[in-house]
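Heads up: the structure comes next, in structure tokens.
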Number of protein chains: 2
Amino acid sequence: MSSTSRGAKRAIESRGTLAGPPRMADVAALAGVSKMTVSRVLAGTGVAPATRERVQQAIDELGYVADAAAGALSSGRSAFAAVLVPSLASSNFSDTVRGLTAALEPHGLQLLIGDTDYDLEREERLVRSMLRHQPRCIALTGAQHTAATRELLVRSGVPVVEMWDLPASPIDAAVGFSNTKAAREMVRYLCERGYRRIGFIGGASELDRRGLERLKGYQQEMKARGMSERVVRLGESPITMSHGAPALDKLLQQWPDTDAVMCVSDMSAFGAIMQCHRRGLSVPGDIAIAGFGNFEVAACCTPTITTISVDAYGIGAHTGETLLAALAASDGNGAGKPARASLRKRVIEYTVIARESA
Amino acid sequence: MSSTSRGAKRAIESRGTLAGPPRMADVAALAGVSKMTVSRVLAGTGVAPATRERVQQAIDELGYVADAAAGALSSGRSAFAAVLVPSLASSNFSDTVRGLTAALEPHGLQLLIGDTDYDLEREERLVRSMLRHQPRCIALTGAQHTAATRELLVRSGVPVVEMWDLPASPIDAAVGFSNTKAAREMVRYLCERGYRRIGFIGGASELDRRGLERLKGYQQEMKARGMSERVVRLGESPITMSHGAPALDKLLQQWPDTDAVMCVSDMSAFGAIMQCHRRGLSVPGDIAIAGFGNFEVAACCTPTITTISVDAYGIGAHTGETLLAALAASDGNGAGKPARASLRKRVIEYTVIARESA
DNA sequence: TTGAAAGCGCTACCAC
DNA sequence: GTGGTAGCGCTTTCAA
């Protein structure tokens, strides 16, 4: 656009030489109909079969691709749905994104995916950036957000679902489970198996809220049973496989008689188990190790890892359904009731998967 | 918009009662300037400090968020960059996406991320869908696409980079490496270590093109050395951890004297190693096992896995830079030279990481 | 079933 | 440094 003015660009086109991609008007001209008819063909609404055929041919011939920005501007509604996850690298969250995609894509929604990197400030920036595209709905991870993020979200009037947690006061709605309760359940499981000197391995930073919730659950249940805590926190959250080994070493150094370890995730549990192998400790003979999340590695590793299974894909799928319901509700109303009014909390089940390691 | 007409909506607003989110005109009115000045403040161009201050206050007070669709339509350029990867669940590809994000986000580009699920038809649908949003540039994975995809891409005039491979005739440019050569290098490494009866474990389907390239490399090098092939293909590509165990069993059943196994990725290598543990085979004492990709598990597992390290993040980062260069070039030109003209192939280095398993 | 006109919210362009 | 005007490409609305 540096050498051609707006007017000039169209002028060229009207002379038959296309400057840039074809527009709806070009399709209309080629098919001998009005723009409106082309628009109707694209939308799949009331056009005579013969006309539709001609228009479709013109579309194919020109390789026409409708401009979504213009459509969104004109109709007042985009086809975007925004999703924010802490990390795309975690299979847990990528499964959630897959679930969301499966639910929303068939309804013509295009996902705007963002990776917050476990950073609330970055989440705020991403929310602001995504809001510029007028998404129809938003899915966030977790209950923790900056005040500005909440404000932006509330003001946007767009239905919001928070995933992977059950916030006390959600922005609109939530689809998740109590990480604290789930962790308590794992402690209970270990106790039933006869373990009493149970340690916990988790990350050192405050970034991974769900990890902190799990630690809290461990602490609550240990306290309730009058057992003393053995907590090792090490590495930037969320800790990965490679942190498992040093964390196990530190735990055994501080409390050598530990008979079971509960890890904040299967990743660190795996690292810890590998370290046990290196130290010549048998799992669970010498020490039991449990994980969280039921990642693939937990089922493949030797010994297989006892863990808590969470339906990550289901969280995404349910979130998608919840969001769709909200959109349908707001379409039905006289634009008065906001979409979010129809949203509710939805609790996702989790289960302890007993395997070889604990 | 079901009960209020377009005109009515604005009319309400002009009476002071906002129907819907604030617009630029509302900000302008509140700040006592024209829309253009607000637009300039947002763009960060030539506005007197005092004016800027007032406008910013109005923006904050109203919680104004500019509409990207309107901006894109008016300026003729969106702020989108499209990325298509086969799977978000693979840390390899999510690292590539992170690299792309790091390169493009600082330039104000918003990533449109798509997951093709290793499906070329789905890739075509996603490309079509993304093209509707007029992305400034596109990054795809692999060299294989449907004819329609190529046509769509070429017609769009948008710079395209294909990642993770070095296509013979790229659409525009490529950032990747030869998976075939890399695999040959691993065979050579194993030979240097004295292994001769080398097997290969990979997926059964044709979906994972890069996996097939690696198989080809194995076959080429084995043939060149006059060694006979031992190939097990099992499971939907890309095969994961859980396929490693049955594949190893099958390989040893068919060729019991195998002394080394090269796996299509670290995932299957890990599964194979775990199966060796179960069978009481020592790695590499009884059998050597090598992977591909240098995933985290390769460094954490016991024994640590010999593998080929590929800079997945770097592929994304370089792709981002390549794309940015193309955009800058097209901005500089008199809109004549298309952006893609300045694109070239870029070869990414890989190295064999010698670890314990082979 | 089809078309014409108006306008969505913003930015390029040119005046001042 | 600032404002007015004219669209960007599409869909809504209403008339034929």
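Proteins get letters first, then strands, A, B, ... in listed order; numbering begins at 1 in each. The shown structure was predicted, so the numbers you read here are calculated from the model rather than taken from an experiment.
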Which atom of B:Thr45 lies closest to which atom of B:Arg52, heavy atoms considered:
O-NH2, 3.9 Å
Would you kindly say whether B:Thr146 and B:Glu124 are connected by a side-chain donor-acceptor distance under 3.5 Å?
yes
No-H, no-angle donor-acceptor pair, B:Arg40 side chain to D:dG3 base, under 3.5 Å:
yes
Specify the separation, in whole Å, of atom CG of B:Leu42 and atom C1' of C:dT11.
11 Å
Nearest-nucleotide 5' precedence on DNA chain C, B:Ala66 against A:Val33:
A:Val33
Rounding to a whole Å, what distance do you find between A:Ile59:CD1 and D:dC10:C1'?
14 Å
Tell me: NE2 of B:His133 to C1' of D:dG9, nearest whole Å?
15 Å
Gap between atoms CE and P, on B:Met24 and D:dT5 respectively (whole Å):
18 Å
How long is the line joining NZ of A:Lys35 and P of D:dT13, in whole Å?
16 Å
Are any of A:Thr51's side-chain N or O atoms less than 4.0 Å away from OP1 or OP2 of C:dT2?
yes
note: B:Leu73, atom CG; C:dG7, atom C1'; distance rounded to Å ~ 12 Å
Do the ring centers of B:Phe80 and A:Phe80 come within less than 6.0 Å of each other?
yes
Rounded to whole Å, how long is the line connecting atom CZ of A:Arg23 with atom P of D:dG9?
4 Å
B:Ser74 side chain near C:dG9 phosphate (N/O to OP1/OP2, under 4.0 Å):
no
The nucleotide from D:dT13, C:dC10, D:dG4 with an atom nearest the side chain of B:Asp67 is C:dC10
Would you check if there is a donor-acceptor pair between the side chains of B:Arg346 and B:His318 at a distance under 3.5 Å?
yes
Tell me yes or no: between the side chains of B:Ser129 and A:Gln110, is some donor less than 3.5 Å from an acceptor?
yes
OP1, OP2 of C:dG9 versus side-chain N and O of B:Tyr64: anything below 4.0 Å?
no
Phosphate OP1/OP2 of D:dT11: any A:Ser75 side-chain N/O under 4.0 Å
no
Where each residue is assigned the nucleotide of DNA chain D containing its nearest heavy atom, which of B:Met36 and B:Arg132 is assigned the position nearer the 5′ end?
B:Met36
